Protein chains: 2
Amino acid sequence: MGTTQLESVPEPKYWHLKTVLSEALDSEFSVGEILPNERDLAARFGVARATLRQALEQLELEGRLQRRRGVGTTVAPPRVGVAVGTEQQAWPGGAGDVWQAVDCTPAAPPAAVAAALETGPDDTVYTVRRSRVSQGQPVAAELLYVPESSVPELSAIDAPSGPARARAVLRELQRLELEGRDSAVELGSARADDARELDRLPGAPVLVVTTRFLADGRTAALSVATYRADTCRLTFGDSGGVEIHQGPERQAS
Amino acid sequence: MGTTQLESVPEPKYWHLKTVLSEALDSEFSVGEILPNERDLAARFGVARATLRQALEQLELEGRLQRRRGVGTTVAPPRVGVAVGTEQQAWPGGAGDVWQAVDCTPAAPPAAVAAALETGPDDTVYTVRRSRVSQGQPVAAELLYVPESSVPELSAIDAPSGPARARAVLRELQRLELEGRDSAVELGSARADDARELDRLPGAPVLVVTTRFLADGRTAALSVATYRADTCRLTFGDSGGVEIHQGPERQAS
DNA sequence: AAGTGGTCTAGACCACCTT
DNA sequence: AGGTGGTCTAGACCACTTC
């Protein structure tokens with residue numbers, strides 16, 4: 001009879017909430033502004049705090065919000081574009097490299113890395129830790145695996161301490177002729193150590209960029225770089241990359 | 001005195017749970033195998049269902065699990081690598097294109113797209129919907145925006161219906177000389193229509209690849225492609241890209 | 001000390017798929 | 001009809017930051 005079936009697929013509350021909040025962010029808030037706390041927001045929308053949090057989580061995943069424990073929830077600035085494709089058609093550590101070497105330890109790598117490097121289980125592989133900063137914020141942490149066979153001239157005496165040894169390894173790498181690289185991007189969640197370096201909680205969503213450096217017809221080095229997914233837009237290709245953002249952007253006073 | 005402060009930073013339950021489950025997946029389960037249901041698993045580990053779900057969500061985000069309402073939770077196969085960088089240094093729709101045209105509607109695009117295309121608010125822009133299938137599974141949905149000025153010879157009479165008109169637009173595009181492209185990758189969540197096409201729920205995590213096609217010194221077309229983040233590894237560069245996976249892989253019987 | 005977001009619980013009901 | 005995952009509630013306590 002008269003029971004017209006509108007809303008045959010009822011929208012979940014948190015989904016509708018997300019839409020409402022998203023529009024409010026565009027029209028009523030400025031970048032950097034602090035939102036009301038979760039308990040107040042939940043009460044205002046008449047939902048449980050867990051439901052509100054589900055909406056906030058999505059908005060944070062999309063880079064619209066930033067939440068910090070003990071502080072509050074703020075409107076996030078647009079994502080920063082970080083170049084990962086070109087601009088560095090060279091070895092890590094070459095001219096114009098945006099990475100900063102942290103330290104370097106010789107150790108047997110994880111099994112999956114050893115397989116990709118085609119090294120035996122007992123071959124030593126240098127693990128270089130590097131970090132990348134953009135606009136004052138840490139955006140990525142990297143583990144660069146360099147098998148000993150790629151830097152045969154390196155002697156342990158060259159550099160006793162952390163960052164110095166890392167730079168020595170990178171310098172030795174330049175002696176090889178780079179034949180090509182290929183990369184892959186996938187979604188992951190931050191390990192505890194990466195999370196600390198990226199100023200996020202463990203499990204935060206990250207974009208994992210795995211790059212293989214080819215020389216001498218084999219994989220001469222392998223980089224696993226972990227980018228903050230909430231704040232970064234990875235750009236590839238000729239120039240900067242496209243920025244598609246949703247609404248008006250204003251600056252907090 | 002004796003109260004040695006181990007575990008000064010107590011690990012959250014869901015995080016520990018995730019680790020335990022992850023190891024169990026490596027050693028005791030095969031790809032495609034069905035896990036016990038959430039209520040049983042929660043009881044077995046002595047936690048609330050919500051806590052268990054927090055762990056499962058992370059594992060799904062990392063591509064280790066696949067959950068389907070009404071069915072159950074299964075062990076996911078390794079992510080498929082999908083090439084997005086090279087292999088198609090040509091216009092969309094050219095030889096070897098892996099995309100399948102769905103339909104095409106002339107309409108005013110979203111404001112953000114119009115800005116990137118540098119078109120006026122009243123210029124008509126063809127919106128071509130395409131989909132990409134890999135190994136029998138839908139992996140991506142694309143919206144390709146082509147301003148009318150990029151396909152001046154196109155007449156509406158050429159192709160009355162959906163897919164045919166889409167192909168006509170792509171064909172006209174080939175007449176321009178492609179000068180370059182640049183792309184950006186970022187994390188997003190699936191809109192309702194994309195989610196339906198990707199066989200996921202709305203809000204599912206996706207990798208959004210935005211590509212600008214340059215010709216005549218301007219942006220001649222703009223592609224916004226939405227890839228399933230749980231099942232895809234985007235590869236760029238010379239060859240296939242590296243696969244780093246955690247543990248042993250077996251096949252379900 | 002007070003206020004914030006992060007974790008956790010023990011329930012309830014719903015939408016979807018299989019049988 | 002019965003079982004699955006998805007949504008939602010109303011609380012509680014904890015970790016962290018700021019005052």
Side-chain angles (χ1 to χ4, degrees), chain A residues 5 7-19 21 33-61 64-76 189-190 192 195-196 199-205 230, chain B residues 5 7-19 21 33-61 64-76 189-190 192 195-196 199-205 230:
Chain A
Q5 182 82 5
E7 281 291 333
S8 72
V9 178
E11 208 170 41
K13 273 191 190 178
Y14 79 91
W15 185 259
H16 179 243
L17 205 50
K18 184 195 135 184
T19 309
L21 284 169
E33 206 172 335
I34 302 182
L35 268 64
N37 72 53
E38 298 183 349
R39 289 160 180 88
D40 285 354
L41 276 177
R44 182 176 312 187
F45 287 105
V47 299
R49 191 177 155 220
T51 303
L52 175 85
R53 279 180 59 82
Q54 218 172 335
L56 294 184
E57 258 152 44
Q58 284 239 356
L59 289 170
E60 190 178 30
L61 199 79
R64 311 283 314 272
L65 292 179
Q66 191 156 349
R67 298 192 287 175
R68 270 172 304 171
R69 171 155 48 178
V71 179
T73 302
T74 56
V75 180
S189 50
R196 197 167 32 251
D199 192 24
R200 298 259 62 197
L201 290 175
D230 55 343
Chain B
Q5 181 82 4
E7 282 290 334
S8 72
V9 178
E11 208 171 42
K13 274 190 189 178
Y14 79 90
W15 185 259
H16 180 242
L17 205 50
K18 184 196 135 182
T19 309
L21 283 170
E33 205 172 334
I34 303 183
L35 268 64
N37 72 53
E38 298 183 349
R39 289 161 181 87
D40 284 354
L41 276 178
R44 183 177 309 185
F45 288 104
V47 300
R49 191 177 154 219
T51 304
L52 174 84
R53 278 179 60 82
Q54 217 172 335
L56 294 185
E57 257 151 45
Q58 284 238 358
L59 289 170
E60 191 178 29
L61 199 79
R64 311 282 316 270
L65 292 179
Q66 190 156 349
R67 297 192 288 175
R68 271 172 304 171
R69 169 155 48 177
V71 179
T73 302
T74 57
V75 181
S189 50
R196 198 167 31 251
D199 193 25
R200 299 258 62 196
L201 290 176
D230 56 343

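To find a chain, count down the sequence lines: A is the first, B the second, and so on, and within it residues start at 1. All figures in this text were calculated on a predicted structure; none of them were measured in a lab. Note: hydrogens, waters and symmetry copies are ignored here, and every other heavy atom, side chains too, is used.
Heavy-atom distances to DNA chain D give each of A:V71 and A:T51 a nearest nucleotide, and the one nearer the 5′ end belongs to A:T51.
By the side chain to side chain contact (heavy atoms under 4.5 Å, CB included) test, A:T51 is found to be paired with A:K13, A:Y14, A:V47, A:A48, residues two or more places apart in sequence or in another chain being considered. When the salt bridge (charged side-chain N to carboxylate O under 4.0 Å, His left out) test is applied to B:R39, no partner is found at least two apart in sequence or on another chain.
Between A:A42 and A:L52 the shortest heavy-atom distance is N-CD2, 3.8 Å. The two atoms that bring B:S189 and A:K18 nearest to each other are OG-NZ, 3.4 Å, heavy atoms only.
Counting non-hydrogen atoms under 4.0 angstrom, A:R68 reaches the backbone sugars and phosphates but no base. Residue contacts for A:L201: at a heavy-atom cut-off of 4.0 Å it reaches the sugar-phosphate backbone alone, with no base atom in range.
Considering only side-chain N and O atoms, B:N37 lies nowhere under 4.0 angstrom from the phosphate OP1 or OP2 of D:dG3. Between C:dC8 and B:Y14, no contact under 4.0 Å exists linking OP1 or OP2 to a side-chain N or O. Between C:dT4 and A:T73, no contact under 4.0 Å exists linking OP1 or OP2 to a side-chain N or O. Between A:R67 and C:dT4, a side-chain N or O to OP1/OP2 separation shorter than 4.0 Å is absent.
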Look for any protein N or O under 3.5 Å of an N or O in nucleotides 10-14 of chain C and output each such pair with its distance, or none.
none

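Note: CD (A:E60) to C1' (C:dT4) measures 14 Å, nearest angstrom. In this structure, the CG atom of A:D40 is 13 Å from the C1' atom of C:dG5, given to the nearest Å. For the pair A:W15 CH2 and D:dT7 C1', the computed distance is 14 Å after rounding to whole Å. Here the P atom of nucleotide C:dT7 and the CG atom of B:L52 are 15 Å apart, to the nearest Å. In this structure, CD of B:E57 is placed 13 Å from C1' of C:dT7, rounded to the nearest angstrom. Rounded to whole Å, atom C1' of D:dG5 lies 6 Å from atom CZ of B:R53. Rounded to whole Å, the distance from CD1 on A:I34 to P on C:dG3 is 15 Å. Going from atom CD of B:Q54 over to atom P of D:dT7 covers 14 Å, rounded to whole Å.
Between B:R200 and B:E60, at least one side-chain nitrogen of the basic residue sits less than 4.0 Å from a carboxylate oxygen of the acidic one, meeting the salt-bridge criterion.
Atoms CG and OG1, on B:L35 and B:T74 in that order, are 8.0 Å from each other to the nearest 0.5 Å.
Checking side-chain atoms of A:E38 against main-chain N and O of A:R49 turns up no donor-acceptor pair under 3.5 Å.
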